[in-house]
Amino acid sequence: MTSKRLPALLLISALTSGCANLQSSGLAFWSSESDASGNEVLESENLQVAAGDDELVRAIESGDGSAAKAELDDSIDPELKAAASKARESLDAIPDQVDEANTTVDLWQRLRAGFALDLGISNTRVQQQLAWYRKHPQYIQRVSERGSRYLHYILSQVEERGLPTELALLPVVESAFDPFAYSHGRASGLWQFIPSTGKYFGLTRSWWHDERRDIVAATDAALTYLDRLAERFDGDYTLALALAAYNSGGGTVSSAIRRNDRRGKPTDYWSLDLPRETRHYVPKLIALAKIYQDPEAYGIELPALEDKPYFEVVETGSQLDLAQAANLAGVSMDEIYLLNPSYNRWATTPAGPHRLLVPVANVEQFRAGLDALPPEQRVSWQNYQVVGGDSLIVIARKFGTTVDVLRDVNNLRGNLIRVGQRLLIPTASRGDDAYALSQQQRLAATQARGGRSGSGTRVDYRVQRGDTFWDIAREHGVSVRQVASWNGMAPGDPLMPGKQLVIWSQSATPSPTLASNSRNQAMVRKVGYRVRRGDSLSTIASRFSVNVSDIASWNNLNTSRYLQPGQSLVLYVDIRNSN
C-alpha cells in the first residue's frame with residue numbers, strides 16, 4: 001500500500017476504528033484452512049487477546065519499583081538469578097549508543113514527522129487512557145526503553161509502506177515491546193501472531209525456532225496483514241476498519257457495520273458494537289501517539305534515542321552456536337537472545353534461514369570472527385556410540401535435539417540404528433545457564449514460577465495417551481488455565497503423550513499420575529452443544545455443572561462477548577451431574 005492510497009482522510013479515520021486494551025489486546029486471525037486468496041483471513045470473526053505486560057502494569061500501579069524490575073522478564077529460572085538480572089537490565093536499559101551532544105534529529109522527531117492521525121480527537125475513552133499514562137509515566141519510560149532495540153527498524157518498515165508512523169507504536173499495545181510475550185490465546189512475539197496466521201504469512205516454526213518472534217520476519221508479516229485488511233475494507237474507513245479487524249477479525253467488523261446499518265445508526269468506529277478489546281485498542285493507540293507527539297505536555301520524559309539503526313542482519317551461512325555468536329560479536333548472550341528471540345535453543349536453525357541480528361557497533365568484529373572460524377567449529381559435536389536400548393528418539397531426548405537433526409547430520413535414511421554405531425550429535429558449547437533466554441530455560445522458569453505464591457504442591461506429571469487439560473486440572477483441584485499457564489501453553493494447545501508438565505496441585509494427596517479409576521467413576525464425556533437463544537455462559541455452566549472459565553478455555557472464548565444462537569461449543573461433562 002502506498003501513501004497515495006492512504007490520503008489524510010483515510011489515515012484520520014484509521015485510528016477511529018478500533019482495537020484493544022494495552023494490557024489485553026491482540027491480533028485476531030483466521031482458520032488454518034484459509035484459501036490462497038486469504039479470504040478467510042479477512043473474514044475471520046476470531047478475537048485473540050495478546051500478552052501485553054500485565055505484570056509490569058500491576059507493579060507500576062502498586063508503586064513498587066523493585067517489583068516492576070523483577071517482572072520485566074519473569075521467564076527466567078530462579079536458579080539462574082545472575083543471568084536473569086543481566087537479561088532484565090538488557091531489556092530495560094537503552095544501550096549506550098547515543099551521543100546527545102551531536103544528535104540534531106532523534107528517533108522520536110522522525111516518528112512524529114510521519115504522524116497522520118487525528119490526534120485532536122477528544123473522546124472519553126481516549127481521555128481515560130491519557131489519565132492512566134499521566135498517572136504512571138514510568139510505563140512509557142519502560143516500554144520506550146524496551147523498544148529501543150527494535151523501533152528504528154519497525155519505523156523504517158512502516159515508512160517504506162507509506163503507512164502512518166503511529167503504527168510503529170502498535171507493539172506497545174500488543175506486547176509492551178517484550179519479544180518473548182506469549183498470550184493465553186497462543187499469540188507470540190512483538191506482534192502477537194497465533195500459529196495459523198503466522199503459517200499463512202510464511203512464519204515458520206520448528207523445534208529450533210519460531211519466526212513469530214523474529215523481529216524482521218514478524219514485522220514484515222504484520223504490516224503485510226494490515227495492507228491486506230486495508231484492501232479488504234476499501235472505502236472511507238479503510239485503515240480504521242483494518243485496525244479493528246487486525247484485533248478482532250474482519251468478519252467481526254463487517255457484522256458490526258451491517259448491524260448498525262440495518263438499524264440506521266452511524267457506522268464509524270466509535271458507534272460500532274465491537275468486542276471490549278477492540279473498543280479500547282484505538283483509544284490506547286491514539287493516547288500513545290498524543291504522548292509521543294508532546295511528552296512534556298503530559299509530564300513524561302522520553303529516553304533519548306538517536307535516529308540510526310541499532311542492529312544489522314548478518315548472514316552466517318550455516319548453523320551457529322549462539323554462545324559462539326556472542327563471543328565473536330563481543331556482546332552478552334542476553335543481547336543475542338533479545339535481538340534474535342525466535343531461536344528456541346542454543347543455536348540457530350540447522351535448515352536456515354542462516355542469519356543473525358547483531359548490534360551495528362559489533363558487526364565488523366562479528367563478521368571478521370565468523371570468517372576466521374572454520375565451519376566445523378560453528379557448533380560443538382559429540383561422538384556418541386549407540387548402546388543397547390537406544391533409538392533415535394531416546395538419543396535425541398538425551399542430548400536435547402531432534403530425530404530429524406540426527407538423521408540429517410549422520411546421513412541416515414530411516415530410523416534404524418545398530419549397537420556400536422557411531423553418531424555425530426550437535427551439542428551446546430556451554431552450560432544451560434549461558435542460554436538463560438532459550439525456550440527450555442524460559443519454560444523451566446515458567447513452571448517454577450507457579451509455586452511462588454506458596455500454595456500447592458509441585459507434581460511433575462508426564463502426559464498419558466487420552467489426557468486432556470480438563471482431566472489433569474480436575475484431578476489436582478486447579479483450573480485448566482492454571483495448568484496451561486504453568487507450562488507455557490494455551491488451553492487449546494495439543495497435549496502430546498510423554499510431554500512433561502508441572503502442576504502445583506491443590507489436592508490433599510496429589511499423585512504424579514492421574515487415577516484412571518477416578519476418571520471412569522467421573523464418567524466424563526466430550527459433549528457438543530449448540531447455543532440456543534437466551535443462553536449465556538453461566539446458564540450453560542449451571543446446566544452441565546461445569547465452570548464458566550473452563551467453557552471459555554475449552555472453546556477459546558472471550559467471556560466479555562455474548563454467545564450467538566447456533567454457535568457450537570465443546571464441553572467436557574460429568575454426565576452424572578449435568579442437568
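Quantities reported herein were computed from a predicted structural model and do not represent experimental measurements.
R413 is linked by a side-chain contact (heavy atoms from CB on, under 4.5 Å) to nothing, counting only residues two or more places apart in sequence or in another chain. Under the side-chain hydrogen bond (donor to acceptor under 3.5 Å, both in side chains) criterion, T204 pairs with H209, E211, sequence neighbours left out. In this view, D404 and R407 satisfy the side-chain hydrogen bond (donor to acceptor under 3.5 Å, both in side chains) rule, not counting sequence neighbours. F469 meets the ring-ring contact (aromatic ring centres under 6.0 Å, His included) test with no other residue; sequence neighbours excluded. Qualifying salt bridge (charged side-chain N to carboxylate O under 4.0 Å, His left out) partners for D214, counting only residues two or more places apart in sequence or in other chains: R355. Take S479 and apply the side-chain hydrogen bond (donor to acceptor under 3.5 Å, both in side chains) test, not counting sequence neighbours, and it matches Q482. Checked against salt bridge (charged side-chain N to carboxylate O under 4.0 Å, His left out), R205 has no partners two or more places apart in sequence or in another chain. With sequence neighbours excluded, the residues satisfying side-chain hydrogen bond (donor to acceptor under 3.5 Å, both in side chains) with D220 are R161. Residues satisfying the salt bridge (charged side-chain N to carboxylate O under 4.0 Å, His left out) test with D390, not counting sequence neighbours, are none.
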Donor-acceptor contacts under 3.5 Å from residues 363-370 side chains, at least two apart:
residue	atom	partner	partner atom	Å
Q365	NE2	L328	O	3.4
R367	NH1	E312	OE2	3.2
R367	NH2	E312	OE2	3.1

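Y461 is not listed as a side-chain neighbour of S505, based on a closest heavy-atom distance of 4.5 Å or more. A 4.5 Å side-chain heavy-atom check between I336 and Y343 finds every atom pair outside the cut-off. Between V502 and D460 there is a side-chain heavy-atom pair separated by less than 4.5 Å. Contact check for L495 versus L501: side-chain heavy atoms found under the 4.5 Å cut-off. Between F201 and R228, the closest side-chain pair of non-hydrogen atoms falls below 4.5 Å. The closest side-chain heavy-atom distance from I215 to L339 is not below 4.5 Å. Under the 4.5 Å side-chain criterion, counting only non-hydrogen atoms from C-beta, W191 is in contact with P171.
Taking both residues in full, the closest heavy atoms of A325 and L320 are given as CB-CD2, 3.7 Å, listed atom of the first, atom of the second, then distance. In terms of heavy atoms, Y337 sits closest to F180 at O-CZ, 3.7 Å. Taking every heavy atom of both residues into account, P359 and E335 meet most closely at CG-OE2, 3.8 Å. When all heavy atoms of M333 and A326 are compared, the pair lying nearest together is SD-CB, 3.7 Å. For Q319 against A347, the heavy-atom pair with the smallest separation is NE2-CB, 3.7 Å. Shown here for R213 and S188, the closest heavy-atom pair between the two residues is CG-OG, 3.3 Å.
Listed for the N487 side chain is no donor-acceptor partner under 3.5 Å among the backbone atoms of M489. Side-chain N or O atoms of N362 include one that pairs as donor or acceptor with a backbone N or O of A329 at under 3.5 Å. When atom types are taken as modelled, the side chain of T197 and the backbone of F193 share no donor-acceptor pair closer than 3.5 angstrom. For the pair Q421 (side chain) and R418 (backbone), a donor-acceptor distance under 3.5 Å is present. Under the 3.5 Å distance criterion, the side-chain polar atoms of D210 are matched with a main-chain donor or acceptor of R212. Judged by distance alone, with hydrogens and angles left aside, the side-chain atoms of R146 form no donor-acceptor pair with the main-chain N or O of F177 at under 3.5 Å. Using a distance-only test at 3.5 Å, with no hydrogens or angles considered, a donor-acceptor pair links the side chain of N555 to the main chain of V570. Using a distance-only test at 3.5 Å, with no hydrogens or angles considered, no donor-acceptor pair links the side chain of E174 to the main chain of V172.
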As a quick check of understanding, evaluate side chain to side chain contact (heavy atoms under 4.5 Å, CB included) for Y225 and Y246, giving each step before the final call.
CA-CA 8 Å; Y225 184 43; Y246 182 82; 3.8 Å; yes
Given W504 and V478, is the side chain to side chain contact (heavy atoms under 4.5 Å, CB included) satisfied, shown in steps?
CA-CA 8 Å; W504 293 92; V478 295; over 6 Å; no
After noting the C-alpha distance and the side-chain angles of I551 and L571, does the key distance pass the side chain to side chain contact (heavy atoms under 4.5 Å, CB included) rule?
CA-CA 7 Å; I551 297 178; L571 309 174; 3.9 Å; yes
Under the side chain to side chain contact (heavy atoms under 4.5 Å, CB included) criterion, do N340 and T348 qualify, and how do the steps go?
CA-CA 9 Å; N340 300 276; T348 61; over 6 Å; no
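A side-chain hydrogen bond (donor to acceptor under 3.5 Å, both in side chains) check over residues 488-497, counting only residues at least two apart or in different chains, returns the pairs Y182-D493, R186-D493.
Around the CD1 atom of I393, the shell of radius 6.0 Å holds no more than 12 heavy atoms that belong to other residues, nucleotides or ligands.
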